[in-house]
Amino acid sequence: MNKEILDSAMNAFAIESESLLKTAEVLDREEFARAVEVLSKAERIGASGCGHTGIACQHFAHLMCCIERPARFISPAEAVHGGLGFLQKGDVILLASRGGKTDELMQIADVCRQKGVTIIGVTENTSSLLAEKSDIVLAMAVTRECDKYNCQGTTSFAVTSAIFDALQTALVEVTGFQNESFAVIHPGGAVGKRLNKK
């Protein structure tokens, strides 16, 4: 690998760091606090997105389960074929789309509004259709993706995941979740062995 390629690869860290810091600036703290409040009270939590964002939403659902907030990723395709039956009035769904125009999520938002499900939209475009359909909007900022074509969802994935990490961090505090509880539901791996060490 020549030096130019290696330097370009290492620059990914700087690119993503810049967007993470920018997101911390544009993320409305009142909206974030509202999101934490509804997530802490919801009986069930759903999350949906497409592509890289969908994978980040799977990460979010897992994070919620790790602190005993019942959650699941709902595939955009399955959502409108009965999957939204998982959510009931008073529950919460998180819909993520950098541009806020992902067609697959709009129908999900409409159904959730009909059912009385609170919608948290995560998007860079706060004037988008997703933002309009959302009860709470969490803004993100992506200066550019890491690849030279500025097309792959690399930085977008990192920023979206960081917002989800921040939500879980707050929910641990708000719900009073204890590490002892995590030890019970996470007996596997090195973490489980450390937590359950007598």
Side-chain angles (χ1 to χ4, degrees), residues 1-29 31-32 35-36 39 45-67 71-79 92-109 119-134 136-172 189-191:
M1 182 184 298
N2 65 42
K3 184 178 183 302
E4 183 179 348
I5 293 174
L6 185 58
D7 288 345
S8 177
M10 293 300 104
N11 193 41
F13 295 101
I15 291 171
E16 293 192 356
S17 295
E18 181 183 10
S19 291
L20 287 167
L21 292 173
K22 185 66 177 175
T23 295
E25 293 175 8
V26 303
L27 186 60
D28 186 293
R29 294 194 172 207
E31 289 288 277
F32 183 86
V36 171
L39 288 167
I45 299 166
S48 193
C50 295
H52 283 91
T53 303
I55 295 169
C57 286
Q58 293 178 50
H59 166 64
F60 173 75
H62 181 70
L63 284 174
M64 293 298 97
C65 289
C66 284
I67 56 171
R72 62 175 286 193
F73 171 74
I74 304 175
S75 158
E78 298 300 331
V92 176
I93 190 163
L94 186 148
L95 300 176
S97 166
R98 179 185 173 187
K101 300 176 183 178
T102 304
D103 290 337
E104 293 88 341
L105 301 186
M106 298 306 121
Q107 197 171 6
I108 294 174
I119 302 169
I120 300 174
V122 180
T123 181
E124 187 174 40
N125 187 354
T126 55
S127 60
S128 64
L129 188 57
L130 174 60
E132 290 177 13
K133 291 177 180 286
S134 298
I136 299 167
V137 178
L138 301 181
M140 58 189 285
V142 177
T143 55
R144 65 163 288 118
E145 306 292 2
C146 295
D147 68 287
K148 68 178 181 179
Y149 301 114
N150 191 27
C151 287
Q152 303 296 324
T154 48
T155 308
S156 301
F157 176 84
V159 169
T160 305
S161 295
I163 291 173
F164 297 162
D165 294 346
L167 286 171
Q168 194 220 40
T169 299
L171 282 163
V172 166
V191 172

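Only this structure's heavy atoms are used, side chains among them; waters, hydrogens and symmetry mates stay out.
For Thr53, there are no side-chain hydrogen bond (donor to acceptor under 3.5 Å, both in side chains) partners two or more places apart in sequence or in a different chain. When the side-chain contact (heavy atoms from CB on, under 4.5 Å) test is applied to Tyr149, the partners found at least two apart in sequence or on another chain are Asp147, Cys151. Residues forming a salt bridge (Lys or Arg N to Asp or Glu O under 4.0 Å) with Glu16 (at least two apart in sequence, or on another chain): none. In terms of the salt bridge (Lys or Arg N to Asp or Glu O under 4.0 Å) criterion, residue partners of Glu25 (sequence neighbours excluded) are, by chain and number, Lys22. Contacts of Leu171 classified as side-chain contact (heavy atoms from CB on, under 4.5 Å), with partners at least two apart in sequence or in another chain: Val36, Leu39, Ser40, Met64, Ile67, Thr175. Judged as a salt bridge (Lys or Arg N to Asp or Glu O under 4.0 Å), and not counting sequence neighbours, Lys148 has no contacts. Here Leu21 pairs with nothing under the side-chain contact (heavy atoms from CB on, under 4.5 Å) rule; sequence neighbours left out. For His59, the side-chain hydrogen bond (donor to acceptor under 3.5 Å, both in side chains) partners at least two apart in sequence or on another chain are Asp165. With sequence neighbours excluded, no residue forms a side-chain hydrogen bond (donor to acceptor under 3.5 Å, both in side chains) with Ser17. In this structure Thr23 satisfies the side-chain contact (heavy atoms from CB on, under 4.5 Å) test together with Met140, Ala141, Val159, Ile163, sequence neighbours excluded.
Phe60 places a side-chain heavy atom less than 4.5 Å from the side chain of Ile45.
Taking both residues in full, the closest heavy atoms of Ile74 and Gly46 are given as CD1-CA, 4.3 Å, listed atom of the first, atom of the second, then distance. The shortest heavy-atom contact between Pro76 and Ser48 is CG-OG, 3.5 Å.
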Atom pairs and distances, side-chain donor-acceptor, residues 93-105, under 3.5 Å, sequence neighbours left out:
residue: Ser97; atom: OG; partner: Gly100; partner atom: N; Å: 3.0
residue: Ser97; atom: OG; partner: Thr102; partner atom: OG1; Å: 2.8
residue: Arg98; atom: NE; partner: Glu124; partner atom: OE1; Å: 2.7
residue: Arg98; atom: NH1; partner: Glu145; partner atom: OE2; Å: 3.0
residue: Arg98; atom: NH2; partner: Glu124; partner atom: OE1; Å: 3.3
residue: Arg98; atom: NH2; partner: Val142; partner atom: O; Å: 3.4

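Atom CG of Leu130 is separated from atom CG of Asn125 by 9.0 Å, given to the nearest 0.5 angstrom. Between Ile119 atom CD1 and Ser134 atom OG the span is 6.0 Å, to the nearest 0.5 Å. Note that CE of Met10 and CD1 of Ile5 are 12.0 Å apart. Values are rounded to the nearest 0.5 Å. A distance of 6.0 Å separates CG of Leu167 from CG of Leu138, quoted to the nearest 0.5 Å. Distance check: Ile136 CD1 to Glu31 CD gives 6.5 Å after rounding to the nearest 0.5 Å.
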